[in-house]
Enquirer: 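Here it is, the structure, as structure tokens.
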Amino acid sequence: MSHFASIAGVPGDPILGLMDAYRADPNPAKLDLGVGVYKDAQGLTPIPWAVKLAEQRLVEDETSKSYIGGHGDALFCSHLSQLVLGADNPLLHQQRAAASQTPGGTGALRLAAEFVAHCLPGRGIWLSDPTWPIHESIFAAAGLRVGHYPYVGADNRLDVEAMIAALQQIPLGDVVLLHACCHNPTGFDLAPRDWKRVLEVVKARELLPLIDFAYQGFGDGLEQDAWAVRLFAAELPELLITSSCSKNFGLYRERTGALLACAANSQKLADVRSQLAALARNLWSTPPAHGAAVVATILADAELRLRWSHELDTMRQRIASLRTGLVEALRPYDLAERFAHIGVQRGMFSYTGLSPQQVQRLRDEFSVYMVGSGRANIAGVDAERLDDLALAFAQLCTRR
Ligand code: PMP
């Protein structure tokens, strides 16, 4: 008997398939706007110098590879909590908020999903339509009922009215996932007045927000990007936040992130954290140490921290200038208005508004690779190639 004979294959991640197609394309002028990693002007995903320096110190200073505890590296958790919530946030002093280290933001989301499934049985989770596709599969994998609220209208603009109207219909007590900044895949972020309206609905429907914070520092700055998270933490007794160090520290493969929980009092926080540690025990036992040690080393050292924040500024400014540069490059074709949203969106991703057919043509005729939804990773362009990209867009928009 073959145990595996009846097992069928499943399709791979479409973005990985796109990467394969890009690699196989012999056109030297090809552009990869698909994969979701930051790229510098040379097309590389760099290791920040602050990370390199912290690693050198760790090689010298590390004394043991023994397990770290269920919540991970305590110094990392404490510094990351301060980075997310603000160093002087009263929740931290009152021991009403704390972080549990996880393997990346993905691990934090999975832990949050397990927490809801086990500790809040029957609660559904609501995701923006569209959202990062892995959100869909993570919460489904934990057995949660997954619902959606609209986010972007047919005109490829943020539709706050439709979002609010849908949130008002969510069953009392359900969980709502919100992107703190740099919404993946659209790049459209809520304005402060929109966040305040969402907060009112969250209060009225007694929803539990789960805020996914994967791009702190990639939108408007480390502090600015945390504004909504801190507003919700100040206004609500209970909150979950997933934080990722993949993008802002360039630590992608080191799987570094955390799940932050905010509770009504320190005893409740301890109860929640005991559950998180028990759930994590069954998922990955204890989290990987290296990336968290790097982050803790950087954040605990004034000089390294300053260097890192400058490097992060450079990444953010590059993305911002590529966004405005692309809109300007489209101006000679009278397309600057039509694509003005690219300058307004934040983070690496842009919902360009191109149709799946146009995306296919971009690939076939211009060797420009982006996701079928029309999502482009703006950081994937070299500034010198913006004119080429604008020309390709113009040809798609004028020719049928
Ligand atoms: N949330 C969102 C919205 C993301 O885009 C990503 C990364 N693509 C993550 C979470 C997870 O990041 P990681 O697991 O690599 O830290």
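Predicted model, so just to flag it, every value in this text is computed and none were measured. Quick note: numbers below take in every heavy atom, side chains included, and nothing from hydrogens, waters or symmetry partners. Order of listing sets the numbers, starting from 1, for every ligand and every atom in it. Throughout, numbering of the chain's residues begins at 1 and tracks the sequence.
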Enquirer: Touching ligand 1 at all, Y252? Heavy atoms, strictly under 4.0 Å?
Expert: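 Contact check Y252 vs ligand 1: negative.
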
Enquirer: Does a donor on one side chain sit under 3.5 Å from an acceptor on the other, for E55 and H290?
Expert: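 Present: a donor and an acceptor within the cut-off.
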
Enquirer: Can you name the atoms of ligand 1, numbered from 1 with element, that are less than 4.0 Å from a heavy atom of S246?
Expert: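 Close to S246: 13 (P), 15 (O), 16 (O).
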
Enquirer: Hey, which atoms in ligand 1 end up nearer than 4.0 Å to a heavy atom of N184?
Expert: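 Those qualifying, in numeric order: 3 (C), 4 (C), 5 (O).
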
Enquirer: At what distance is the nearest protein heavy atom to atom 12 (O) of ligand 1, and which residue and atom is it?
Expert: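 Nearest neighbour among protein heavy atoms for atom 12 (O) of ligand 1, to 0.1 Å: S244 OG, 3.8 Å.
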
Enquirer: With respect to atom 5 (O) of ligand 1, which of Y215, F349, F213 exhibits the smallest heavy-atom separation?
Expert: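 Heavy atom nearest to atom 5 (O) of ligand 1 belongs to Y215.
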
Enquirer: Indicate yes or no: does R57 engage D301 in a salt bridge with an N to O separation below 4.0 Å.
Expert: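 D301 and R57: salt-bridged.
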
Enquirer: Could you measure the distance from the OG1 atom of T398 to the CG atom of L335? Nearest 0.5 Å is fine.
Expert: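 Going from the OG1 atom of T398 to the CG atom of L335 covers 8.0 Å.
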
Enquirer: Could you list the atoms of ligand 1 found under 4.0 angstrom from a heavy atom of R255?
Expert: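 Listed by number with element, the hits are 13 (P), 14 (O), 15 (O), 16 (O).
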
Enquirer: If the plane angle is over 60° it's perpendicular, under 30° parallel, otherwise tilted; pick one for Y151 and Y149.
Expert: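 If you compare the ring of Y151 with that of Y149, the planes turn out perpendicular.
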
Enquirer: Strictly below 4.0 Å, N to O, side chains only: are D20 and R23 in salt-bridge contact?
Expert: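 Salt bridge: yes.
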
Enquirer: To check you understand the geometry: which heavy-atom pair defines the closest contact between S309 and L222, and what is its length?
Expert: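 In this case the closest contact between S309 and L222 is CB-CD1, 4.4 Å.
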
Enquirer: Under 4.0 Å between a Lys/Arg side-chain N and an Asp/Glu carboxylate O for R110 and E114?
Expert: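 Salt bridge: yes.
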
Enquirer: Do the rings of F339 and H341 sit parallel, tilted or perpendicular, given the 30° and 60° boundaries?
Expert: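 Rings of F339 and H341: tilted, as their planes differ by 30° to 60°.
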
Enquirer: Quick one: does H183 get a heavy atom under 4.0 Å from ligand 1?
Expert: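 Contact absent.
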
Enquirer: What residue and atom, counting heavy atoms only, is the protein's closest point to atom 7 (C) of ligand 1, and at what distance?
Expert: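 I find the closest protein heavy atom is K247 NZ, 2.9 Å.
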
Enquirer: Looking only at distances, can you tell me whether any N or O atom of G107, backbone or side chain, sits closer than 3.5 Å to an N or O atom of ligand 1?
Expert: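 It does not: no N or O of G107 is found under 3.5 Å from an N or O of ligand 1.
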
Enquirer: So which of L251, D212, T106 gets nearest to atom 14 (O) of ligand 1, if we judge by its closest heavy atom?
Expert: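 The nearest heavy atom belongs to T106.
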
Enquirer: May I ask you to list the atoms of ligand 1 that are less than 4.0 angstrom from any heavy atom of A214?
Expert: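 Those qualifying, in numeric order: 1 (N), 2 (C), 4 (C), 10 (C).
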
